Enquirer: 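Encoded as structure tokens, here's the structure I'll be asking about.
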2 protein chains.
Amino acid sequence: MSDRPTLRTVAAEAGVSHQTVSRVINGDPTVTEPIRDRVLSAMRALGYRPSAGARALASGRTEVVGVVLPHNPGFAFSNDHLIRLVQGADQELTTRGYGLLLSTREVPDDPASAYRRFVQRRQVDGLLVEAGAGGDSLRALRTADYPTVVIGYTAEDFTCVHPDDEGGAYAVAQHLLALGHRRIAVIDGPPESRLAMSARMRGLRRAFADARREVPTDLLEQGDFTAGSGYAAAERLLARADPPTAVFAFNDGMALGAQRRLRERGRDMPGEVSVAGFDDTEAADLVDPSLTSVSLHSVDVGRRAAQILLDLLDGRPPAQRENIMPSTLKVRASTAPPAAG
Amino acid sequence: MSDRPTLRTVAAEAGVSHQTVSRVINGDPTVTEPIRDRVLSAMRALGYRPSAGARALASGRTEVVGVVLPHNPGFAFSNDHLIRLVQGADQELTTRGYGLLLSTREVPDDPASAYRRFVQRRQVDGLLVEAGAGGDSLRALRTADYPTVVIGYTAEDFTCVHPDDEGGAYAVAQHLLALGHRRIAVIDGPPESRLAMSARMRGLRRAFADARREVPTDLLEQGDFTAGSGYAAAERLLARADPPTAVFAFNDGMALGAQRRLRERGRDMPGEVSVAGFDDTEAADLVDPSLTSVSLHSVDVGRRAAQILLDLLDGRPPAQRENIMPSTLKVRASTAPPAAG
DNA sequence: CTGAAAGCGCTTACAG
DNA sequence: CTGAAAGCGCTTACAG
């Protein structure tokens, strides 16, 4: 194999200086048309490929963004959300010429953590961090002083992008109230997702308030996003003296677990009990009855986060710190009016 | 902000040459203990962070691996498999000090493709390519002359790693035959996944041959991995004069679609009809009856692929071109002996 | 075991 | 509008 051509090889071939070749590559408008053409054909003829490392060293910018995902092997129900976030971010980054360096760790003191890899080695120009299970690690990234956009909720002072959890929960509650349900149970998510869960709870309360109804506080159950916790919560709800006619689980996994228990207990769905979930995972459309849920448009969230970060890198700071993307209620077969009586 | 410390700053602080600092960073064993300690504390005191770009330029290695995933927004059923592959690869790469540059495109003539990004810009030392929907694009990566490991099947002459599809299908067929099923229908996958599907078909045939039974060729249906195609295939199977007592769909999505149609048609599962899937997606455990399926251990596949690539980069070529990772039959509630008679 | 020299392949001012 | 100079921050031989 012969050596790879460099800027100077191309310059020699085109009969110009290597700076001119650099200008052509970087789209400098001051290069004249004929010169540009000559350089471009020389590049093509030689199969020239710029060295990202040399560019990064000389320019101080890597044109790569780090994406940090939570490292939760058991966090199965969010896998679909995660991959769609990445897909959306990748679309935007690629379009704008940036690379996406991925890490599934966010624990800052783990020697193999993203923090160390991206920040310590200066491999990236900025960071996209999925808030995931822990906001604690965000504080560490803080000190790194890198342009950062958080995907999800954070109590820290970072620019963030997240779905409209409040609006989504409002829509579900409004839907159930409009169907005639009053005894609506809620299966809450785990404390690690407190900020998102509070937003959903706010939406729920607002829907009840707008309907001039009281939230039935005796029907609140705690879950942890697993199907098992939804199953257990359903069991406890069935044991109530005055059981719910509708169950709103704060994610699809718990909703599916609740459905399973209700089915085992012989409850007709949605005839006797309606069930709604959140996140609109693939399974929602596959189970029977198919599950009413809230779509978070994760691809759009990821794309928007990347957009905001790249604008920031280009010197255009975001208008707001908190950026909320619309979510959509998907009504399916698992919700219907309560049985008369 | 003060300027970032460089090798020379650290060298001055520690009272050594910058080469010695470089040696400490790269773990050169010839550096004496006291010198190493002095350098390390100087690095810590100054908050030194090496520049990945400068390293890459000087050493010719980026210590980053490109991971190319198929860009299929509709390819929903493999999302879980994909994210687990990436997770496994990331674990291995991180452990060995490599970064993971991700792209969800593999179309080589797309101006925003992975091919262009990774290869043209020399941002990576090697490539991990998920064979996904198209083996065609692999041919283009070929010309790039990068160390490449394919995840999945390929007709090209690349080192590859894939799950034991043949063994998994063998296990399912053997399980159904052992339960007493003879009329076993198969819902095949789409032509894009031809190589994996052929492997599954081989496993199926081998199980029948080992049991001295004939494969009921009249019960072969074509699907395309969507739940809809499984639903339609089930419909056609129900219309047979001699319908199957068991349905083996070559992915979980089609199996769930088939389950839905069978349920709608009032067939008891698994009483009247057993159903098995493939891939062991999250939904398999959530539906009712829970779905017998084949787990592909995607995390292990991704980890192994990264291992092979990194070994290759270290000058240790793989022992075999084709590397097969074990898959596991997960028996759940959807399969049972056929109704007597 | 450690230092002085050279260079990796670009970009960024600065002249002209 | 284009070229000559300098330097980005490392690593890799090569001496000693």
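All chains are named by letter (A, B, ...) in the order of the sequence lines, taking the proteins before the strands, and each is independently numbered beginning at 1. This one's a predicted model, so the numbers in the text were calculated from it and none came from an experiment.
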Enquirer: For the residue pair B:S17 and B:Q19, confirm or rule out a side-chain donor-acceptor distance under 3.5 Å.
Expert: yes
Enquirer: Is B:T6 close enough to D:dC8 that one of its side-chain N or O atoms is under 4.0 Å from OP1 or OP2 there?
Expert: no
Enquirer: Does OP1 or OP2 of D:dT11 have a side-chain N or O of B:S59 closer than 4.0 Å?
Expert: no
Enquirer: Find the distance B:E63:CD to D:dC10:P and express it as a whole number of Å.
Expert: 14 Å
Enquirer: Between the side chains of A:D125 and A:T62, does any donor sit under 3.5 Å from an acceptor?
Expert: yes
Enquirer: Hey, is the side chain of B:T20 poking within less than 4.0 Å of OP1 or OP2 on C:dG3, counting only N and O atoms?
Expert: yes
Enquirer: Between B:P29 and A:L57, which residue's closest nucleotide on DNA chain C lies nearer the 5′ terminus?
Expert: B:P29
Enquirer: Before accepting this row, confirm whether a basic side-chain N of the pair A:R55/A:E63 lies closer than 4.0 Å to the acidic partner's carboxylate O.
Expert: yes
Enquirer: Return yes when atom CZ of B:R321 has more than 12 non-hydrogen atoms of other residues, nucleotides or ligands closer than 6.0 Å, and no otherwise.
Expert: yes
Enquirer: State plainly whether the residues A:R36 and A:D28 are in salt-bridge range, i.e. N to O under 4.0 Å.
Expert: no
Enquirer: Measure CZ/A:R8 against P/D:dA5 and give the value in whole Å, please.
Expert: 11 Å
Enquirer: What pairs with B:R304 under side-chain hydrogen bond (donor to acceptor under 3.5 Å, both in side chains), at least two apart in sequence or on another chain?
Expert: B:Q307
Enquirer: Using whole Å, what does the distance between atom P of nucleotide C:dT2 and atom CG of B:N26 come to?
Expert: 15 Å
Enquirer: Look at the side chain of B:A54 and decide which nucleotide, out of D:dC10, C:dT2, D:dT12, has an atom nearest to it.
Expert: D:dC10
Enquirer: Could you state the CZ-P distance from B:R55 to D:dC8, rounded to the nearest angstrom?
Expert: 19 Å
Enquirer: Under 4.0 Å between a side-chain nitrogen and a carboxylate oxygen: does that hold for A:R84 and A:D300?
Expert: no
Enquirer: To the nearest angstrom, how far is A:L7 atom CG from C:dC8 atom P?
Expert: 13 Å
Enquirer: Nearest-Å distance, CD (A:Q19) to C1' (C:dG16)?
Expert: 13 Å
Enquirer: As a test of your reading of the structure, name each stem of DNA chain C as range with range, where a stem is three or more consecutive Watson-Crick or G-U pairs at under 3.5 Å.
Expert: C:1-3 with D:14-16, C:5-12 with D:5-12, C:14-16 with D:1-3
Enquirer: Roughly, in whole Å, what's the span from CG in B:D28 to P in D:dC10?
Expert: 17 Å
Enquirer: Does B:V64 reach the side chain of B:Q123, with side-chain heavy atoms less than 4.5 Å apart?
Expert: no
Enquirer: Report yes if a side-chain nitrogen or oxygen of A:S17 is closer than 4.0 Å to either non-bridging phosphate oxygen (OP1 or OP2) of D:dG3; otherwise report no.
Expert: yes
Enquirer: Tell me whether the side-chain N or O atoms of A:H18 pair up with the base of D:dT2 as donor and acceptor below 3.5 Å, since no angle test is needed here.
Expert: no
Enquirer: Give A:I35 one of three labels, base, sugar-phosphate or nothing, depending on what nucleic acid heavy atoms sit under 4.0 Å from its own.
Expert: sugar-phosphate
Enquirer: I need the CZ-P distance between B:R61 and C:dG9, as an integer number of Å.
Expert: 15 Å
Enquirer: On a plain distance test, is the side chain of B:R23 in donor-acceptor contact with the base of C:dG3 below 3.5 Å?
Expert: yes
Enquirer: Nearest to the side chain of A:T32, heavy atoms from C-beta on, is which of D:dC1, C:dG3, D:dT11?
Expert: D:dC1
Enquirer: State whether A:S51 places a side-chain N or O below 4.0 Å from either non-bridging phosphate oxygen (OP1 or OP2) of C:dC10.
Expert: no
